[in-house]
Amino acid sequence: MTDTPRTLAEELRTRTDSGLAGLLRARPDLLSPVPGDVTQLATRAGTRASVVRAVERLDKFALQTAEALAVAPDPCPYETLGGLMGGDAGDGTVAAELPRAVALLRAQALVWGPDDRLRLVRTARELLTPSATHPSPTGLGPTVAEAAAGMSPGRLQEILAAAGLPATHDPVTAVAALTGLFCDRARMAALLDAAPAESVTVLDKLLWGPPYGGVTDRPAGHLQWLLDRGLLLPAGGRNVVLPREAALHLRAGRAHRTPEPLPPTLSPATERDPQLVDSAAASQAFTALATVEELLKEWDLGGPAVLRAGGMSVRDLKRTATALDTTEQLAAFWLELAYGAGLIASDGEADERYAATPAAEDWLQLPDHERWAAIAAAWLSATRTPGLVGTADAKGRALAALGPNLDRSPAPEVRHRTLALLASLPPGTSVPPAAVLARLRWERPLRGAAAGGHEGGPAAPGPAGPGSPAPVEPDLRSRLAQWTLDEAELLGVTGRGALAGHARALLDTEPSATPAERTAAVSRAAALLAPLLPEPLDHVLLQADLTAVAPGPLRRPLAEALDVLADVESKGGATVYRFTPASVRRALDAGRSAAELREFLGAHSRTPVPQPLAYLIDDVARRHGQLRVGAAAAYLRCDDDALLSEILADRRSEALRLRRLAPTVLAAQTAPDQLLDGLRAMGYAPAAESATGDVLIARTDSYRTAPRTAPTPVPEGPPAPDDTLLAAAVRAIRAGDLAATAERKPVHAPAPAPGALPRTTSAETLATMQAAVLTSSALWIGYVNADGAASQRVIAPVRVEGGFVTAYDHTSDEVRTYPLHRITGVAELADDAV
């Protein structure tokens, strides 16, 4: 091998193990499956799907560098690349950052070769080279040679004559002469000095792209002047194009109008007291917990039906928004948050509907700080994006909350990176969302770019071919980042735009962290939040107007009991509960007696039980259960036959279709629950009873789904490999490369063709194996496994017996046993091959 690599594979072969591991870490798709050798690795690194994925993950300046290489000569000296990036006058910042960009492209195997012969891999060049159908963000057009292809020799000679160049003998030399003129700064300046002012104006319009324009059959004089001198060349039909070399002269050598070597700064920054930020975030975190808890309570007896296509209907979303006292878009966020945390799901029944899961019960029993950490961690790693709810999919159908097609695989990475940018600021510091979005667009320009465009809005490189990643939605990354900032404020991850201290702990691990590391980060975040949350109270303040005021959050048993005994009238810093006959009857239906209710209120009130409230409880309790409803279809019985006569005489009971069976029994043709509701609407307080005549206690048992797992995030490409996998992959690639390239000693059998397996007879194979055992030498073998897959390996035989050879396999880095009948042939390695 020469000192200068001739192919990408040769350059990869010279890299260190850490260099190969860095390539595989940056481009994990190259590991699926692990390449057999360096040649396979280089081939896979040059496939369109892999190159598109790698180019999409370049930052703005690295992408501009690759675009400049795509319009530069191939190979391109580093000095030429520097001129394209910094222009003839040079740019100190560009010159300082260009080595980093080239090193990044080289590390990701998008560029190879020494500095005097930099080469962009062929697939990347095809993606980034400008064409009529795929304009480049540089705004440059084709070269003179490309644009002049197909022009008649006579027309080329006319252009040379008009430009003041001597005639040539063939089109190739004519194109070379015209190219030399456009690349010569002095001669080109002299030519343009003689141009009409209108001609210069036309060139200025085409200068930064698009470089194409149209002309008529009889162009104006200033256009004809440009056409005669080759400054505009035909581009099919009546279109013309400004040649790349002419444009670069007019741009003073720059490939881009505005090189962006440095990321935008996160400014202007607003500094606040970190404790104030943490308190604001903790307050919002508590509100978030209350909202999710309210959602679970709203669906306690079952939620809305599941649409046939999946998700919630618009009507049910509106009802949920009304119940949560919020907008539909925010309701969709809380729904998706609970769904992503595994707190709600479909029950899977024939009449399918949504409900809380058993995991919701466990979540409700946790302390507030642990509950918040659990849902915040689920939000951070979720791929479902509630911001898309209500928008149209590719077929024009509206996307429903909790429905399919809401997963966007870049979401976790964008959330993590957005919050990491906030974490890079001093504690308590916030910046405008526009500054965060600008930084993210610089870091991943292609992932958030709209289709088409030039400077400031590059398109993703070309249409995706077979096996290519799915096309990215226009500006998806920016929208994900904006949603992240909004949702983080709602969830209490940020306070007043700055990242809270307890949320920083969630970012201590990378997205590729192990489950143990994630659990530890969640625990740290919960511990930091705990002292900031208000301490739950065990008392309320009863008032004479049949209300109770909870001056703060209540302990769970007290809150659950009050939810049964009273109705929530208002929320805020303090919660106001209202006692009504219906709410008291609800508590009596749950099995409480009047004495127990009075005792409960007296034990948990800092004020005496008001007399109006005691009268209300006693009055409802006195009438409760006087009427008994059971199942006939339904019946109604009462010891007071006058009361039954009163009900029969009441016109409001006609819908119940009652008839007297006995002085104390009425029969109804409605279901018991409908009969109970009808009588209660008439002002009575009936009680349900069982078949044995016992009163049925209507406990507030919650409807729950069967055990459900939280939705699994949709991964964005292959997972990031860990160090163990990278080390094993590098060993396998090195071993496979050794097997494919090691020098072999000549054998009696004809030498196999390049890439073919060695072929020897069974006797020769056995004899060579036995000799290798005695001499402890390595062999090159061809092997066919039980599935018929053929491979070549380098082994060091240890033992040969019973039709098997036991050997150390350099390819897999382990001791293995091979059946001799599956070995196609064997050859000894040269003495210095291993």
Would Val71 and Arg125 satisfy side-chain contact (heavy atoms from CB on, under 4.5 Å), going step by step from the backbone distance to the final call? CA-CA 8 Å; Val71 299; Arg125 178 172 287 274; over 6 Å; no
Taking Gly36's backbone N and O only, do any of them form a donor-acceptor pair with Gln40's side chain (distance below 3.5 Å, no angle check)? yes
Shortest non-hydrogen separation from Pro99 to Ala96 and the atoms involved: CD-O, 3.6 Å
Roughly how far apart are Leu127 CG and His134 NE2, rounded to 0.5 Å? 7.5 Å
I'd like a table of donor-acceptor pairs (distance under 3.5 Å, sequence neighbours excluded) in which one partner is a side-chain atom from residues 111-118, with atom names and distances.
{"from": "Asp115", "atom 1": "OD1", "to": "Arg106", "atom 2": "NH2", "distance (Å)": "3.1"}

Non-hydrogen side-chain atoms of Thr385 and Leu476 separated by less than 4.5 Å: no
Val714 backbone acceptor or donor facing Ser409 side chain under 3.5 Å: no
Contacts of Thr43 that satisfy side-chain contact (heavy atoms from CB on, under 4.5 Å) - sequence neighbours left out: Thr39
Quick one, Arg444 with Asp59, criterion salt bridge (Lys or Arg N to Asp or Glu O under 4.0 Å). Give me CA distance, side-chain angles, the key distance, then yes/no. CA-CA 5 Å; Arg444 295 285 188 273; Asp59 63 58; over 6 Å; no
Non-hydrogen side-chain atoms of Pro142 and Tyr212 separated by less than 4.5 Å: yes
Contacts of type salt bridge (charged side-chain N to carboxylate O under 4.0 Å, His left out), residue Glu97, not counting sequence neighbours: Arg100
Considering non-hydrogen atoms only, spot the tightest contact between Pro130 and Arg244 and give its length. CG-NH2, 3.7 Å
To the nearest 0.5 Å, what is the distance between CE on Met85 and OG1 on Thr93? 12.0 Å
Side chains of Asp475 and Ser478, donor plus acceptor under 3.5 Å: yes
Any donor-acceptor pair under 3.5 Å linking the side-chain atoms of Thr760 with those of Thr765? yes
Arg822 side chain to Tyr783 main-chain N or O, any donor-acceptor pair under 3.5 Å? no
Does the Thr391 side chain pair with the main chain of Leu388, one donor and one acceptor, at a distance under 3.5 Å? yes
When rounded to the nearest 0.5 angstrom, what is the spacing between NE2 in His256 and CZ in Arg251? 8.5 Å
Between Ala807 and Pro797, the two heavy atoms sitting closest are CB-CA, 3.5 Å
Test Leu419 against Leu506 for side-chain contact (heavy atoms from CB on, under 4.5 Å), laying out the working first. CA-CA 10 Å; Leu419 298 180; Leu506 289 175; over 6 Å; no
Please answer whether the main-chain N or O of Thr138 pairs with a side-chain N or O of Glu67 as donor and acceptor at a distance below 3.5 Å. no
Could you tell me the separation between the OG1 atom of Thr65 and the CG atom of Leu58, rounded to the nearest 0.5 Å? 9.0 Å
Looking at Asp29, Thr47, Leu30, which one forms a side-chain contact (heavy atoms from CB on, under 4.5 Å) with Arg53? Asp29
Going by heavy atoms in the side chains, are Arg27 and Val51 under 4.5 Å from each other? yes
Donor-acceptor pair, side chain of Ser50 and main chain of Gly46, under 3.5 angstrom: no
Are Leu726 and Asp722 side-chain neighbours, meaning at least one heavy-atom pair lies under 4.5 Å? no
Residues Val38 and Ala9: closest non-hydrogen pair is CG1-O, 3.4 Å
Closest heavy-atom pair and its distance - Ser381, Pro713: O-CG, 3.3 Å
Test salt bridge (Lys or Arg N to Asp or Glu O under 4.0 Å) on Glu413 and Arg417 and set out the steps. CA-CA 6 Å; Glu413 189 265 339; Arg417 183 56 192 153; over 6 Å; no
Suppose we screen for side-chain hydrogen bond (donor to acceptor under 3.5 Å, both in side chains). Which residues come up paired with Arg44, at least two apart in sequence or across chains? none
Which residues satisfy the side-chain contact (heavy atoms from CB on, under 4.5 Å) test with Pro263, sequence neighbours excluded? Arg439, Trp442
Between Arg734 and Leu20, is there a side-chain heavy-atom distance shorter than 4.5 Å? yes
side-chain contact (heavy atoms from CB on, under 4.5 Å) assessment of Thr817 paired with Val805: CA-CA 6 Å; Thr817 299; Val805 56; over 6 Å; no
Are side-chain heavy atoms of Ser424 and Leu266 found at a separation under 4.5 Å? yes
Treating Glu245 as the side-chain partner and Val144 as the backbone partner, does any N or O pair qualify as donor plus acceptor under 3.5 Å? yes
Are Val55 and Leu63 side-chain neighbours, meaning at least one heavy-atom pair lies under 4.5 Å? yes
Would you please test Ile781 and Val794 for side-chain contact (heavy atoms from CB on, under 4.5 Å) and show each step? CA-CA 6 Å; Ile781 67 169; Val794 174; over 6 Å; no
Give a yes or no on whether the backbone of Arg257 and the side-chain of Arg254 come within a donor-acceptor separation of less than 3.5 Å. yes
Donor-acceptor contact present, side-chain Glu11 to main-chain Leu8, <3.5 Å: no
Separation between CG (Leu12) and OG1 (Thr7), nearest 0.5 Å, reads 8.0 Å
If we only count heavy atoms from C-beta on, is the Asp809 to Val815 side-chain gap below 4.5 Å? no
What distance separates Leu84 CG from Leu69 CG, expressed to the nearest 0.5 Å? 8.0 Å
So, using side-chain contact (heavy atoms from CB on, under 4.5 Å) as the criterion, who are the partners of Ala382 when residues are at least two apart? Arg415
Nearest heavy-atom neighbours spanning Pro711 and Gly340: CG-CA, 3.9 Å
Side-chain (Arg477) to main-chain (Val414) donor-acceptor, under 3.5 angstrom: no
